[in-house]
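The block underneath contains the structure these notes are about, expressed in structure tokens.
Atom set for the values below is all heavy atoms of this structure, side chains included, hydrogens, waters and symmetry mates excluded. Quick note on labels: first sequence line is chain A, next is B, and so on, each numbered from 1.
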Amino acid sequence: MEYRHDVDVEELCPVCGDKVSGYHYGLLTCESCKGFFKRTVQNNKKYICAENQECRIDQTQRKRCPFCRFQKCLHVGMRLEAVRADRMRGGRNKFGPMYKRDRALKQQRKALIQAGGFRMESSPPLVSSAHQRDSTYTAGLHPLPILSTTPLPTAQNDCISYQIPSLFTLLPSNSPGATQYQCTSSTFSNWTVKSEHTNICTSSPDSAAGIYTDSDEVYSRPFSPHGPMMPQLVMEFMRCDTDELQLRNKISARLQQEQSGCEKHKNLNTFSLMCLMADQTLFSIVEWARRSIFFKQLKVTDQMKLLHSCWSELLLLDIISRQVLHYKEDSVLLITGQEVELSAIASHANPTLASLVQRGQELVERLTILKVDREEFACIKFLLLFNPDVKQLEDHPFIESVQEQAEGALLEYTLCTSSQSLGRFSHLLLFLSELRSLSTLAEDYLYCKHLSGEVPCNNLLIEMLHAKRSWA
DNA sequence: GTAGCCTTGAGG
DNA sequence: CCTCAAGGCTAC
């Protein structure tokens, strides 16, 4: 459509295409999608899709599948946290400045269009590219991307029996309903991809952290019925979390299998065992990401870039959070449930490793004093995963928006739970940057060990170690 | 349950 | 004051 002066720029609802009535919950939407989003979030509605969770949502069909409609609302960037837990009317929220910026950008663009006579379709997205990705709901089939990691090195310590995994094979093939992710050729628009719908509305509680079912009662305060509630997004993050006990059993079984499967394993040293454990934990991290809200909406290429960039941070966070949540002075709790005395580690470690452990332990102690909880760790995981600083992301606006949402959710959560929330919030952000620098050191250490042939050939770990260096 | 219109109230 | 994005109300 050619720009006409009497038609305002882009005034169609990104969810259903109806006429926009203003900014609602983070972006310009129509009145009906505003109401639908509000009802869904306020009443904690659960919908089920009767089809394949890929129903087309437009003005005439939007009533047919609330599940897909809500997924689309989330996908285009409507913000759960903009629905007020206390139901207070009127006033302004924190999105005010964002709306203002967006308006200014739209004005600017309108002026440009008027001046240059540009065609509408070629205009770049302003707030989020997500709605444009969705507006083209069928995917062109394009060649699969080639994994741009260096070839796996030959095993110097070839005692590990399982096949070579690649992050790429872990990501798309195993995700149910996500078979449509394909790399788009550069001649096609970046957002020509069939969107996979997240499943947060119907996700079963058993896939979540076990104890957390799905209601507000998790965080509502008995003494204050209208008081702080668990922010919606934090609830979603918790739903994505891995069940610790299940994971413990799975990894313990896997390690036992590895050890009994091969005679040579009998004398696997502690370091090799730790690497195996890290490798298995990485698998669980990839699985967690794969089933997580927002992440599964990304194209595989972006998923890989994000995971390649933050795997060591997530791994380290996994270890640290376990120590904080089950704090025991002077010992380290492994993912298998075993405890190792800190003094034993110190006596066997070389100076580099000892200093890494020391720094990690300091972080654990600080977080233990802060009493950082599962919910905060869940937010931090998303902050690490959705890192907008990663280079060459195809859907950078979406990833940036998730980062902002996760940060907002964490802030809101600390507001609910702490009397000095700002101090707490900035402590947590500080922790984030310290975790990042520590993970870089740990990664370098591991890479050196790998080069000297001391890391067993547990493939995902090594693939990750190589990936970042080949991306760089 | 949906969606159009109404009321509210902080911020400019 | 006015604006406008929240929540509320209600005919359908």
Exercise for review: Would you mind reading off the distance between A/Lys45 atom NZ and B/dT2 atom C1', rounded to a whole angstrom?
Suggested key: 11 Å

Review point. Which sits closer to the 5' end of DNA chain B, A/Pro66 or A/Glu31, going by the nucleotide each is nearest to?
Key: A/Pro66

**Study point:** Contact interval (first through last nucleotide) of DNA chain C with protein chain A, 4.0 Å heavy-atom
**Key:** C/dT3 to C/dG8

Practice item. Measure the distance from CZ on A/Arg39 to P on B/dA3 and round it to the nearest whole Å. Key: 7 Å

Exercise for review: Grab the CZ-C1' distance between A/Phe67 and B/dT2 for me, whole Å please.
Suggested key: 20 Å

Check your understanding: Where each residue is assigned the nucleotide of DNA chain B containing its nearest heavy atom, which of A/Asp18 and A/Gly90 is assigned the position nearer the 5′ end?
Key -> A/Asp18

Study note, to complete from the structure: Rounded to the nearest 0.5 Å, the CD1 atom of A/Ile399 sits from the CZ atom of A/Phe294 at a distance of 12.0 Å

Review point. So with a 6.0 Å cut-off around NZ of A/Lys94, is the heavy-atom count from everything else above 12?
Key: yes

Exercise for review: Please tell me if the side chains of A/Glu434 and A/Leu429 come closer than 4.5 Å, counting only heavy atoms from C-beta onward.
Suggested key: no

Check your understanding: Is the side chain of A/Gln297 donor-acceptor paired with the backbone N or O of A/Ile293 at a distance under 3.5 Å, no angle test?
Key -> no

Check your understanding: In degrees rounded to 10°, what angle is found between the helical axes fit to the five outermost pairs at each end of the helix from B/dG1-C/dC12 to B/dG12-C/dC1?
Key -> 10°

Practice item. Would you mind reading off the distance between A/Lys34 atom NZ and B/dC6 atom P, rounded to a whole angstrom? Key: 12 Å

Review point. What's the closest nucleotide to the A/Arg92 side chain, out of B/dC6, B/dT2, B/dG11?
Key: B/dG11

Check your understanding: What's the spacing between A/Arg56 CZ and A/Gln61 CD if we round to 0.5 Å?
Key -> 8.5 Å

Review point. A/Gln59 CD to B/dT2 C1': how many Å, rounded?
Key: 13 Å

Point to revise | Residues that A/Arg89 engages under side chain to side chain contact (heavy atoms under 4.5 Å, CB included), provided they are two or more places apart | key: none

Check your understanding: Hey, does A/Arg69 reach any base, or is it just sugar-phosphate, or nothing, if we go heavy atoms under 4.0 Å?
Key -> sugar-phosphate

**Study point:** Earlier contact from the 5' end, DNA chain C, for A/Lys38 and A/Gly22
**Key:** A/Gly22

**Study point:** Distance in angstrom units between A/Phe36 CZ and B/dG1 P, rounded
**Key:** 11 Å

Review point. Rounded to whole angstrom units, what separation is found between the NZ atom of A/Lys94 and the P atom of B/dG11?
Key: 15 Å

Exercise for review: Compare every heavy atom of A/Val234 with every heavy atom of A/Ala409, then report the nearest pair and how far apart it is.
Suggested key: O-CG2, 3.7 Å

Exercise for review: Report yes or no: is the cationic atom of A/Arg62 (NZ for Lys, CZ for Arg) under 6.0 Å from the centre of the six-membered ring of A/Phe36, at an angle within 45° of the ring normal?
Suggested key: no

Exercise for review: Evaluate the salt bridge (charged side-chain N to carboxylate O under 4.0 Å, His left out) criterion for residues A/Lys19 and A/Glu31: first the C-alpha distance (whole Å), next the side-chain angles of each, then the deciding distance (0.1 Å), finally the verdict.
Suggested key: CA-CA 8 Å; A/Lys19 193 169 155 282; A/Glu31 196 61 26; over 6 Å; no

Exercise for review: Could you state the atom-to-atom distance from CG of A/Asn93 to P of B/dG12 in whole Å?
Suggested key: 12 Å

